[in-house]
Amino acid sequence: MKALLVGEYRDGALLGSTYETVAFARELGAQSAMVLVGDESALPHYDGTVYLGSAAALGEYDPAAHKALVLAAVEREQPDLVVFNHSSYGWDLAPRVALALGAGQVSEVTGLADGAFVVPACNAKLQRTVRPASPVTVVTLQAGAFSLPGEPAGTPRVETLTAAGGPVSLVGYEAAATGGVDLGKAEVIVSAGRGIGKPENLAMIEALARALKGEYGASRPVVDAGWAEHNRQVGSTGQTVSPKLYLACGISGAIQHLAGMKTADFVVAVNTDKEAPIGEVADVLVVADLKQFVPALTEKLAG
Ligand SMILES: Cc1cc2nc3c(=O)[nH]c(=O)nc-3n(C[C@H](O)[C@H](O)[C@H](O)COP(=O)(O)OP(=O)(O)OC[C@H]3O[C@@H](n4cnc5c(N)ncnc54)[C@H](O)[C@@H]3O)c2cc1C
């Protein structure tokens with residue numbers, strides 16, 4: 001099994017998510033090479049061939065040129081798999097590459113099961129296991145699903161590739177407005193999940209956050225329901241946070257939520273289900289009804 005990993009580069013730097021593709025290849029037991037549009041000064045720590053296109057010449061994203069470079073690397077490596085992150089870059093480029101190769105595509109892979117790919121279905125309430133039948137398959141990886149056990153290491157062998165520019169080029173990046181809340185800076189975050197049951201119960205989460213001198217956050221269903229603003233959402237399509245203390249209240253621990261908070265120093269989860277997946281990343285799992293536990297803890301802190 002051979003995998004071509006597509007690295008990512010933004011604002012002049014290699015993105016750390018590039019190493020998630022390396023972790024995926026390792027977990028799969030696949031040989032790998034990498035293709036990257038970036039710069040010699042920001043190469044990955046990687047023990048293998050890196051086919052390098054110049055971001056200075058091609059731009060950090062030009063769909064036609066980046067596709068041509070990936071296809072050129074495919075031509076050289078003849079991989080079974082072409083591996084992207086499930087990022088805005090991967091969302092746009094992976095289907096273009098799959099179409100050009102006549103390859104199958106499996107999107108948002110969150111795990112492996114006997115060499116087959118596990119992907120979420122029905123808004124991640126179910127998961128499917130997919131074993132592609134196409135000779136070449138393009139996959140995209142859910143953020144945070146694969147990680148290297150230690151620091152990445154190695155020095156790549158660089159081969160330079162070039163391509164002609166296309167009609168679309170990147171103008172720039174624009175940060176989403178945070179509306180005054182920067183969860184990334186909070187040392188304590190108390191987050192509300194669907195387990196709060198109704199919007200009125202968000203007040204008890206906010207009260208606990210205040211008592212702990214922190215901020216409150218939310219899982220996506222709470223935001224989708226309009227109970228909290230999007231700038232409070234933690235996860236792969238929300239904010240990535242690294243507080244000293246993360247208190248997850250009524251949050252099951254879906255991979256997309258974990259992707260946003262798994263680097264917290266200490267995680268406490270409050271859940272009525274002792275088997276909830278959040279228990280696997282929590283330092284402390286409190287098996288309780290949050291409607292009883294959260295106000296009781298807030299009262300204790302006040303007293
Ligand atoms: C492309 C994509 C991107 C996504 N991005 C994000 C993201 O950025 N952030 C995010 O959070 N999700 C994201 N999701 C959604 C994610 O897959 C999950 O659906 C979501 O995280 C589940 O939220 P939850 O844990 O609040 O709800 P649920 O999964 O419904 O869990 C509710 C939990 O509350 C517990 N509970 C119920 N009642 C109580 C009670 N009284 N007391 C204590 N515990 C209770 C239950 O046991 C359960 O574990 C994304 C999904 C997709 C497909």
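All values derive from a computational prediction rather than experimental measurement. For ligands, and for the atoms within them, numbers begin at 1 and follow the listed sequence.
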Chemist: Against heavy atoms of Gly193, which atoms of ligand 1 measure under 4.0 Å?
Modeler: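 What qualifies from ligand 1 is 26 (O).
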Chemist: Can you list the atoms of ligand 1 that are under 4.0 Å from a heavy atom of Gly235?
Modeler: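 Those atoms are 7 (C), 8 (O), 9 (N).
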Chemist: Of Gly253, Ser236, Ser219, which has the heavy atom at the shortest distance from atom 26 (O) of ligand 1?
Modeler: Ser219
Chemist: Between Lys185 and Glu215, does any NZ, NE, NH1 or NH2 come within less than 4.0 Å of an OD or OE carboxylate oxygen?
Modeler: no
Chemist: Could you tell me, atom by atom, which parts of ligand 1 come under 4.0 Å of a heavy atom of Gly238?
Modeler: 8 (O)
Chemist: Determine, using heavy atoms of Glu108 and all atoms of ligand 1, whether some pair is separated by less than 4.0 Å.
Modeler: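 It does; at least one heavy atom falls under 4.0 Å.
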Chemist: Check for me whether Pro120 has a heavy atom closer than 4.0 Å to any atom of ligand 1.
Modeler: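 Per 4.0 Å heavy-atom rule, Pro120 does not contact ligand 1.
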Chemist: Please say whether Pro221 places an N or O atom under 3.5 Å from an N or O atom belonging to ligand 1.
Modeler: no
Chemist: With heavy atoms of Asp289 as the reference, note each atom of ligand 1 found under 4.0 Å away.
Modeler: 40 (C), 41 (N), 42 (N)
Chemist: For Ser252, which part has a heavy atom under 4.0 Å from ligand 1: side chain, backbone, both, or neither?
Modeler: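 It is both backbone and side chain that touch ligand 1.
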Chemist: Distance under 4.0 Å to a non-hydrogen atom of Gly195: what atoms of ligand 1 satisfy this?
Modeler: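 That gives atoms 32 (C), 34 (O), 36 (N), 37 (C), 38 (N), 39 (C), 40 (C), 41 (N), 45 (C) of ligand 1.
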Chemist: Can you establish whether the number of heavy atoms outside Gln78 located under 6.0 Å from its atom CD is more than 12?
Modeler: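 Atom CD in Gln78 is packed in, count exceeds 12.
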Chemist: Which bit of Ala254 gets closer than 4.0 Å to ligand 1, counting heavy atoms only: side chain, backbone, both or neither?
Modeler: side chain
Chemist: Between Tyr61 and Tyr89, is the ring centre distance below 6.0 Å?
Modeler: yes
Chemist: Does Trp91 form a side-chain contact (heavy atoms from CB on, under 4.5 Å) with Ser107? I'd like the steps, not just the answer.
Modeler: CA-CA 9 Å; Trp91 291 338; Ser107 298; over 6 Å; no
Chemist: Side-chain polar contacts of residues 52-59 - donor-acceptor pairs under 3.5 angstrom, sequence neighbours left out - could you list them?
Modeler:
{"from": "Ser54", "atom 1": "OG", "to": "Ala56", "atom 2": "N", "distance (Å)": "3.3"}
{"from": "Ser54", "atom 1": "OG", "to": "Ala57", "atom 2": "N", "distance (Å)": "3.0"}

Chemist: Looking at Lys291, which atoms of ligand 1 are within less than 4.0 Å of one of its heavy atoms?
Modeler: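 Here the atoms of ligand 1 in question are 41 (N).
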Chemist: Relative to atom 7 (C) of ligand 1, which among Met261, His257, Gln233 owns the nearest non-hydrogen atom?
Modeler: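 Among Met261, His257, Gln233, the closest heavy atom to atom 7 (C) of ligand 1 belongs to Gln233.
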Chemist: Out of Asn271, Asp273, Val294, who is nearest to atom 49 (O) of ligand 1 when you count heavy atoms only?
Modeler: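 Heavy atom nearest to atom 49 (O) of ligand 1 belongs to Asn271.
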Chemist: Just checking Lys2: does its NZ atom have more than 12 heavy atoms from other residues, nucleotides or ligands closer to it than 6.0 angstrom?
Modeler: yes
Chemist: Do any N/O atoms on Val234 end up under 3.5 angstrom from N/O atoms on ligand 1?
Modeler: yes
Chemist: Hey, is Ala288 touching ligand 1 through its side chain, its backbone, both or neither, going by heavy atoms under 4.0 Å?
Modeler: backbone
Chemist: Do Asp80 and Val136 have side chains that approach each other closer than 4.5 Å (heavy atoms only, starting at C-beta)?
Modeler: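 Side chain of Asp80 against side chain of Val136, heavy atoms only: no contact under 4.5 Å found.
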Chemist: Has Gly260 got any heavy atom lying under 4.0 angstrom from an atom of ligand 1?
Modeler: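 No, Gly260 has no heavy atoms under 4.0 Å from ligand 1.
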Chemist: Both conditions, 6.0 Å and 45 degrees, for the charged tip of Arg10 above the ring of Tyr173: are they met here?
Modeler: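 Because its charged atom sits under 6.0 Å from the ring centre and within 45° of the axis, Arg10 does stack over Tyr173.
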Chemist: Can you measure from CD (Gln256) to NE2 (His86) and round to the nearest 0.5 angstrom?
Modeler: 9.0 Å
Chemist: Under 4.0 Å from a heavy atom of Thr237: give me the atoms of ligand 1 that qualify, with their elements.
Modeler: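 Ligand 1 atoms under the 4.0 Å threshold to Thr237: 3 (C), 4 (C), 5 (N), 6 (C), 7 (C), 8 (O).
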Chemist: So for ligand 1, is Gly250 a polar contact partner (N or O within less than 3.5 Å, distance only)?
Modeler: yes
Chemist: Rounded to the nearest 0.5 Å, how far does CG of Leu36 lie from CG of Leu43?
Modeler: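 Taking CG in Leu43 and CG in Leu36, the distance rounds to 7.0 Å.
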Chemist: List the steps and the verdict of side-chain hydrogen bond (donor to acceptor under 3.5 Å, both in side chains) for Tyr46 and Ser32.
Modeler: CA-CA 10 Å; Tyr46 174 68; Ser32 68; 2.7 Å; yes
Chemist: Checking contacts here: is it the side chain or the backbone of Ile278 that comes within 4.0 Å of ligand 1, counting heavy atoms only? Could be both or neither.
Modeler: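 No part of Ile278 comes within reach of ligand 1.
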Chemist: Which atom pairs, one a donor and one an acceptor, fall under 3.5 Å between side chains of residues 144-168 and the rest of the protein, sequence neighbours left out?
Modeler:
{"from": "Arg157", "atom 1": "NH2", "to": "Thr49", "atom 2": "OG1", "distance (Å)": "3.2"}
{"from": "Glu159", "atom 1": "OE1", "to": "Arg76", "atom 2": "NH1", "distance (Å)": "2.7"}

